[in-house]
Amino acid sequence: MQIRVKCGCAESCPEWAIVELQGVIEAQPAFANRLQDLQIGVLCRPSAQEIYTFTVGYHELTGNKVPLKKPMLILKKRKLDEDTDINTPGVELDVIGIICQKVLFKTRPRALISKSEPVVKEKKTHVAAKSTK
């Protein structure tokens, strides 16, 4: 069976990246049925270097970009119309991106604990007014 792969990206396909984490991310029971589009953290590159940070709750991971040994394609399955030729299958795959690199986080997370501001107790000075009668 032959499946057609079509790329409509003209010159070059948009480049994507894989984020690879070591460990398990467990969702709270309240989010168990709603995991799609759930934001689990913030990924950023704070400088011009290829070092990335991923902040999840009160933990920060540091990682870097690593090239993949073999690039991977991101495909979207599309059903074809019924009036096509009988020799062609009813499915076509569109290339929507290519993955050449991954962001690898292989170190243990660093705890982000902020120091609370010290509580300053105000001294109350009472000025007793003496009345002179």
Side-chain angles (χ1 to χ4, degrees):
M1 177 171 156
Q2 181 181 11
I3 299 176
R4 289 192 281 182
V5 177
K6 181 178 149 188
C7 183
C9 303
E11 297 285 321
S12 63
C13 291
E15 189 172 331
W16 292 30
I18 295 175
V19 176
E20 184 176 327
L21 302 169
Q22 306 294 323
V24 177
I25 296 177
E26 294 179 2
Q28 295 176 352
F31 297 107
N33 297 328
R34 299 177 286 144
L35 291 179
Q36 186 157 350
D37 296 330
L38 179 66
Q39 180 179 347
I40 60 170
V42 177
L43 177 68
C44 65
R45 186 175 73 180
S47 64
Q49 300 173 352
E50 294 298 316
I51 297 174
Y52 290 81
T53 60
F54 184 54
T55 308
V56 180
Y58 295 109
H59 302 286
E60 183 179 77
L61 295 127
T62 305
N64 50 3
K65 248 185 194 179
V66 177
L68 293 175
K69 291 180 183 177
K70 292 183 180 180
M72 298 184 340
L73 293 177
I74 298 139
L75 303 172
K76 183 176 181 179
K77 186 176 178 180
R78 185 169 55 119
K79 291 185 179 180
L80 295 175
D81 295 333
E82 294 295 326
D83 33 320
T84 57
D85 191 7
I86 292 184
N87 295 330
T88 61
V91 175
E92 185 174 74
L93 299 174
D94 289 333
V95 177
I96 58 172
I98 186 167
I99 302 172
C100 295
Q101 301 177 33
K102 66 180 174 181
V103 181
L104 178 62
F105 297 96
K106 59 181 180 179
T107 58
R108 296 183 75 77
R110 182 174 59 108
L112 297 175
I113 301 174
S114 61
K115 294 181 181 178
S116 61
E117 293 184 24
V119 177
V120 178
K121 294 183 180 179
E122 295 181 22
K123 288 186 176 180
K124 292 184 180 180
T125 57
H126 296 286
V127 177
K130 294 182 183 179
S131 64
T132 55
K133 287 188 180 180

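Start at 1 with the first residue, then count along the sequence.
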TODO: Treating Ile, Leu, Val, Met, Phe, Trp and Tyr as nodes and any side-chain heavy-atom pair under 4.5 angstrom as an edge, say whether Ile96 and Met72 lie in one connected cluster.
DONE: yes
Query - Other residues, nucleotides, ligands: >12 heavy atoms within 6.0 Å of Arg108 CZ - result: no
Exercise answer: donor-acceptor pairs, residues 53-65 side-chain atoms, under 3.5 Å, sequence neighbours excluded:
| from | atom 1 | to | atom 2 | distance (Å) |
| --- | --- | --- | --- | --- |
| Glu60 | OE1 | Arg110 | NH2 | 2.2 |

Residues Lys77 and Leu93: closest non-hydrogen pair is CA-CD2, 3.8 Å
To the nearest 0.5 Å, atom CZ of Arg78 lies from atom CG of Asp94 at 4.5 Å
Please determine whether residues Phe105 and Ile40 belong to a single hydrophobic cluster, defined as Ile, Leu, Val, Met, Phe, Trp and Tyr linked transitively by side-chain heavy-atom distances below 4.5 Å.
yes
- Do Val95 and Leu75 have side-chain heavy atoms sitting under 4.5 Å apart? yes
Can you check side-chain contact (heavy atoms from CB on, under 4.5 Å) on Val103 and Ile18, steps first, answer last? CA-CA 6 Å; Val103 181; Ile18 295 175; over 6 Å; no
